[in-house]
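Below is one structure, written out as structure tokens; comments come after it.
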Protein chains: 2
Amino acid sequence: MARYSEIKKILKSHKLRITDRRIDVLEFFLREKRTMSFKDLEEEFKDSDRVTLYRTLNAFTEHGVLHKIPDDSGFATYGLCHDTCDSEDHYHDHMHFKCNECGNIECLEENVPVVEIPGYQVKEANLILKGTCRTCVA
Amino acid sequence: MARYSEIKKILKSHKLRITDRRIDVLEFFLREKRTMSFKDLEEEFKDSDRVTLYRTLNAFTEHGVLHKIPDDSGFATYGLCHDTCDSEDHYHDHMHFKCNECGNIECLEENVPVVEIPGYQVKEANLILKGTCRTCVA
DNA sequence: TAGGTTTACGCAATAGAGTTGCAAAAATGA
DNA sequence: TCATTTTTGCAACTCTATTGCGTAAACCTA
Ligand SMILES: [Zn+2]
Ligand SMILES: [Zn+2]
Ligand SMILES: [Zn+2]
Ligand SMILES: [Zn+2]
């Protein structure tokens with residue numbers, strides 16, 4: 001974790017106070033480079049209070065550090081935002097892939113195909129693909 | 001509700017026992033012709049036990065009478081299946097639309113566009129559009 | 001259609017994910 | 001350093017949904 005100054009900079013630029021918890025959580029996301037469920041975080045930070053973790057995730061989501069990945073499984077999953085996201089403006093048009101084998105959820109590079117429905121105003125589109133991911137296919 | 005015999009036939013063909021509750025719930029779906037959340041059903045069937053409603057919805061979903069619509073809101077929503085669905089085989093490729101104004105979720109005719117991701121095996125795709133529905137746009 | 005088996009129902013309790021209230025602790029800024 | 005604001009930790013709580021179990025209803029077969 002040689003990124004302490006970088007992490008501080010990210011928190012500051014997103015108008016978040018710098019606390020030990022937030023540094024730890026953000027560092028974890030940056031290090032793992034993958035989406036994370038609440039359970040993942042709970043396991044990593046056993047000493048931390050559940051409520052604080054929830055509040056950290058909410059704060060990060062509100063301030064454009066993380067985006068919450070829509071999921072029907074009942075487990076919220078979070079992924080890192082682009083550099084350009086902040087409180088006012090953070091939109092994500094990319095698709096997500098959930099692997100039935102390993103259970104991981106990935107942010108894909110590709111954007112959700114644009115869909116137009118006559119008579120409807122489409123403002124947002126979430127596409128979740130399920131199947132077997134690259135790692136598990138091999 | 002002049003469809004009693006029809007409803008009975010549907011239940012039988014899906015290998016479901018015919019009970020008063022199931023007839024009522026299925027009749028409600030057929031009459032309303034729209035997707036229904038658990039709350040909708042609870043309000044319609046105030047005299048019924050919540051658990052029975054949950055179990056009815058689960059049985060219908062397992063036997064291909066209803067399909068559960070993936071939703072990140074924490075409220076399960078259900079829509080009628082096609083005639084061809086049964087316990088073994090009920091797949092749905094259609095998109096869903098959630099209106100931010102009225103809150104209703106609609107099953108759309110159109111299927112989810114086919115997406116291929118190199119290296120991945122895509123087996124299922126759920127696309128949920130959000131915005132303003134035809135009724136609320138007007 | 002009666003009798004035995006299987007399944008559904010109703011009630012209470014429980015599980016699981018997430019939130020809220022509040023006092024103490026920490027971060028910020030002057 | 002000190003005052004102000006935000007965050008943390010703990011307990012209690014909300015909300016959706018499930019499980020266990022005894023009773024009631026549906027089904028099947030003779
Ligand atoms: Zn974002
Ligand atoms: Zn993502
Ligand atoms: Zn179906
Ligand atoms: Zn549908």
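Below, chains carry the letters A, B, ... as their sequence lines are ordered, and counting in each starts from 1. If you're wondering where the values come from, they're calculated on a predicted model, not measured in any experiment.
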**OP:** Rounded to the nearest angstrom, tell me the gap between atom CG in A/Leu11 and atom C1' in D/dT7.
**Re:** 13 Å
Original post:
Mind checking what makes side-chain hydrogen bond (donor to acceptor under 3.5 Å, both in side chains) contact with A/Arg34, not counting sequence neighbours?
Top reply: A/Glu32
Original post:
If you link I, L, V, M, F, W and Y whenever their side-chain heavy atoms are under 4.5 Å apart, who else ends up in the same group as B/Val112?
Top reply: A/Met95, A/Phe97, A/Leu108, A/Val112, A/Val115, A/Ile117, A/Tyr120, A/Val122, A/Leu127, A/Leu129, B/Met95, B/Phe97, B/Leu108, B/Val115, B/Ile117, B/Tyr120, B/Val122, B/Leu127, B/Leu129
Subject >> With B/Tyr54 via ring-ring contact (aromatic ring centres under 6.0 Å, His included) - residues at least two apart >> reply: B/Phe38
Original post:
So, does B/His14 use its side chain to make a donor-acceptor pair with the main chain of B/Cys85 at under 3.5 Å?
Top reply: yes
**OP:** For A/Ser87, enumerate each residue passing the side-chain contact (heavy atoms from CB on, under 4.5 Å) test, keeping only those at least two apart in sequence or located in another chain.
**Re:** A/His63
Original post:
D/dT8 C1' sits how many Å from A/Ile23 CD1, rounded?
Top reply: 15 Å
Original post:
Roughly, in whole Å, what's the span from CG in A/Asp47 to C1' in D/dG9?
Top reply: 12 Å
Original post:
Which salt bridge (Lys or Arg N to Asp or Glu O under 4.0 Å) pairs, counting each pair once, include a residue from residues 103-120 of chain B, with sequence neighbours left out?
Top reply: none
**OP:** Each residue besides B/Ile69 in its hydrophobic cluster should be listed here, by chain and number; the cluster joins Ile, Leu, Val, Met, Phe, Trp and Tyr at side-chain heavy-atom distances under 4.5 Å.
**Re:** B/Ile105
**OP:** Please state how far atom CG in B/Asp49 lies from atom C1' in D/dT19, giving the value in whole angstrom units.
**Re:** 13 Å
Original post:
Under the salt bridge (Lys or Arg N to Asp or Glu O under 4.0 Å) rule, what pairs show up with a residue in residues 122-138 of chain B, not counting sequence neighbours?
Top reply: B/Asp72-B/Lys130
Original post:
For A/His67, what residues pass the ring-ring contact (aromatic ring centres under 6.0 Å, His included) criterion, not counting sequence neighbours?
Top reply: A/His92, A/His94, A/His96
Original post:
For A/Phe45 and D/dT8, what is the distance between atoms CZ and P respectively, to the nearest whole Å?
Top reply: 12 Å
**OP:** For the helix from C/dT1-D/dA30 to C/dA30-D/dT1, figure out the bend between the end axes, five pairs an end, and round to 10 degrees.
**Re:** 40°
**OP:** Using a cut-off of strictly less than 4.0 Å, decide whether B/Arg22 has a side-chain nitrogen or oxygen near OP1 or OP2 of C/dA8.
**Re:** yes
**OP:** Between protein and nucleotides 22-30 of chain D, map the contacts as a letter string: B base, S sugar-phosphate only, - none, heavy atoms under 4.0 Å, written 5' to 3'.
**Re:** ----BS---
**OP:** Output every pair passing salt bridge (Lys or Arg N to Asp or Glu O under 4.0 Å) with a member in residues 91-103 of chain A, not counting sequence neighbours, ordered by first then second residue.
**Re:** A/Asp71-A/Lys98
**OP:** Give the rounded distance in Å between these two atoms: NE2 of A/His63 and C1' of D/dT6.
**Re:** 11 Å
Subject >> Nucleotide-resolved protein contact map, nucleotides 13-23 of chain C, B/S/- at heavy-atom distance under 4.0 Å >> reply: ----SBBBB--
Subject >> Salt-bridge contact B/Asp47-B/Arg21 (side-chain N to carboxylate O under 4.0 Å) >> reply: yes
